[in-house]
Amino acid sequence: MAPRVPDPALPLRPGPGSVAEQVQYPSPLRFNGALDKFDSEDTTPAIGREFSNVNIVDDLLNAPNSDELIQDLAITSTMPPPSVLNFTSDKFSTVSQRGVVFFRAQDNLTDDLQNEFGVADAQVSTISSLARKKMFRHEKQLNTRRYDSAQWHSDIQFEPAPADYTSLRLTQLPKTGGDTLWASGYELYDRFSPAYQKFFETLTATYSGSGFIAAAKADPENVKIYTEPRGNPLNVGEELSAVHPVVRTNPVTGWKSIYAVGPFPKQINELSPTESEELLKKFYNTILESHDIQVRFKWRNQNDIAIWDNRSAFHTATFDYEGLGERFGHRAVGIGEKPYLDPNSKSRAEAFAEESA
Ligand SMILES: O=C(O)CCC(=O)C(=O)O
Ligand SMILES: [Fe+2]
C-alpha cells in the first residue's frame, strides 16, 4: 500500500537525546478525506471496517485521485470509529487505524492489481488447504500439530524488516467455515496499566521462524528457504531470526502496539526464560480472553479481500472445514520498516483522549 514507510517523503521528527544521538521518527499521516464518499461500516468498535460498494479497480486504482484514496486507505486499516472514541475520522488514515479492512467480491482484481493495490514490492503467494496439509504432513505423523486450530500471529516477524500490509483474497471457499480473525495490538497495549506499559517498552524479543526451518529440514525436497534478499536487503539468509521491540510504533498512525504475540517471539531478551514465557503467555491469553478486541470475518464470495496492518494487528485462520471443500487464496505480503519504538509516540487511547480534550 502506498505510501511506503519509512519514506523520505514523510516528514520526520526528532526523537529524544542530544542532536548527535537523535533518531528521526516518521510523523503520523493524516486522512485527506478522499474515502469519505464511500459507504463503510465499522465491523466492531475496536477493529475492522467493511466497504460495501467499492470496486477496488474502478473506484480506487483507476480513479483520478487514486493516490489520495490509497493513502487514506493505508491509514484506515489502523483505526477505531468516531462514534465510540469521539474523534473526527478525517484526521487520520483507514487500514492502519482500523487494523483490517474488507471488500467483497472484487471479481476484476487480478494478482497484478492486487499487488499494486495492496502492497508495493510484494510477492503474491497462495494459501491452500491442500498444500498446507502436505507441508505439515511430517508434523502430523509426529502428532505435534493440531489441525483444527491456528495460532494468532503477525506475518513474517522473524524478518529484520517484517510485513507491513498483507492482503488476502480467497478464490475458492468451502461451503462454510474457514473464517479469519484479527485482533488489535493497539487495544492490547491499552489494556495494561501505565506501569506495565512503561515496563514493556524497555523490552525486546527474539522473533524466530524456526517452524519453517524445521519444515525445510523434514522435507528438503519440497520445502526450501529462499536465502536471497526477501523484499529488503536486510531480509537474507537462512537464519530467519530478528530482534524487535516488544512495543512498536506504527509509523502511519503514530500509535503504540504490543508486537510480541504468537509463534515467532520466542524469548523476551531482558527476562529470565520463565518470566519471558509467562509474559508472552499473558499477551497471547489477553487476546484469547478478549473477544471485544477481535473481529471475525466470514468469507462469503469468491474474491472477497481483506487488507491488514501487521504492525498493529494479529490474525488467525480457522481450520474447521474438513469435508466441506477446499479453500484457496492469493495473498500479497508487503515488507515494511525495521520495527522501532518512538519514545514520543502515544497509545491509541491517549491519542483519542487528546483529540477529544
Ligand atoms: O488463511 C487465513 O485465513 C489466514 C492465512 C494467513 O495467516 C495469512 O494469509 O497471512
Ligand atoms: Fe498470516
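When a ligand or atom number is given, it counts from 1 through the structure's own listing order.
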Chi angles and distances behind the side chain to side chain contact (heavy atoms under 4.5 Å, CB included) call for Phe192, Ile258
CA-CA 10 Å; Phe192 290 94; Ile258 287 181; 3.9 Å; yes
Where the Fe ion (ligand 2) is the vertex, angle from His315 NE2 to Asp155 OD1 to 10°:
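Seen from the Fe ion (ligand 2), OD1 and NE2 are separated by roughly 90°.
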Once you measure the plane-to-plane angle for Phe102 and Phe297, does it fall in the parallel (<30°), tilted (30-60°) or perpendicular (>60°) bin?
parallel
Taking the six-membered ring for Trp, are His244 and Tyr259 parallel (under 30°), tilted (30 to 60°) or perpendicular (over 60°)?
perpendicular
Inspect the contact between Lys37 and Asp59 and indicate whether a charged nitrogen and a carboxylate oxygen are less than 4.0 angstrom apart.
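Salt bridge absent between Asp59 and Lys37.
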Pair Glu278 + Lys282, salt bridge at N-O below 4.0 Å:
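The answer is no: the pair does not qualify as a salt bridge.
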Using distance alone, decide if ligand 1 has a nitrogen or oxygen within less than 3.5 Å of any nitrogen or oxygen in Thr316.
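No - when backbone and side-chain N and O of Thr316 are compared with those of ligand 1, no distance drops under 3.5 Å.
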Considering only protein heavy atoms, which is closest to atom 3 (O) of ligand 1, and at what distance to one decimal place?
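Nearest protein contact, heavy atoms only, for atom 3 (O) of ligand 1 is Thr180 OG1, 2.6 Å.
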Looking only at protein heavy atoms, which one is nearest to atom 5 (C) of ligand 1, and what is the separation?
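Checked against all protein heavy atoms, atom 5 (C) of ligand 1 sits closest to Leu168 CD2, 4.3 Å.
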Decide side chain to side chain contact (heavy atoms under 4.5 Å, CB included) for Ile293 and Ile47; before the verdict, give the C-alpha distance in whole Å, the side-chain angles of both, and the deciding distance to 0.1 Å.
CA-CA 7 Å; Ile293 75 173; Ile47 184 167; over 6 Å; no
Have a look at His153 and say which of its N, O or S atoms is nearest the Fe ion (ligand 2).
NE2
Give the atom numbers and elements of ligand 1 that come within less than 4.0 Å of a heavy atom of Asp155.
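The atoms of ligand 1 under 4.0 Å from a heavy atom of Asp155 are 10 (O).
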At a 4.0 Å threshold, what atoms of ligand 1 neighbour a non-hydrogen atom of His153?
7 (O)
Could you go through the side chain to side chain contact (heavy atoms under 4.5 Å, CB included) check for Leu109 and Phe103 one step at a time?
CA-CA 11 Å; Leu109 191 66; Phe103 299 89; over 6 Å; no
4.0 Å heavy-atom contact, Trp308 with ligand 1:
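Checking ligand 1 against Trp308, which is what was asked, there is a heavy-atom contact under 4.0 Å.
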Quick test of your reading of the structure: of Arg327, Gln151, Arg331, whose heavy atom lies closest to atom 2 (C) of ligand 1?
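Minimum heavy-atom distance to atom 2 (C) of ligand 1 goes to Arg327.
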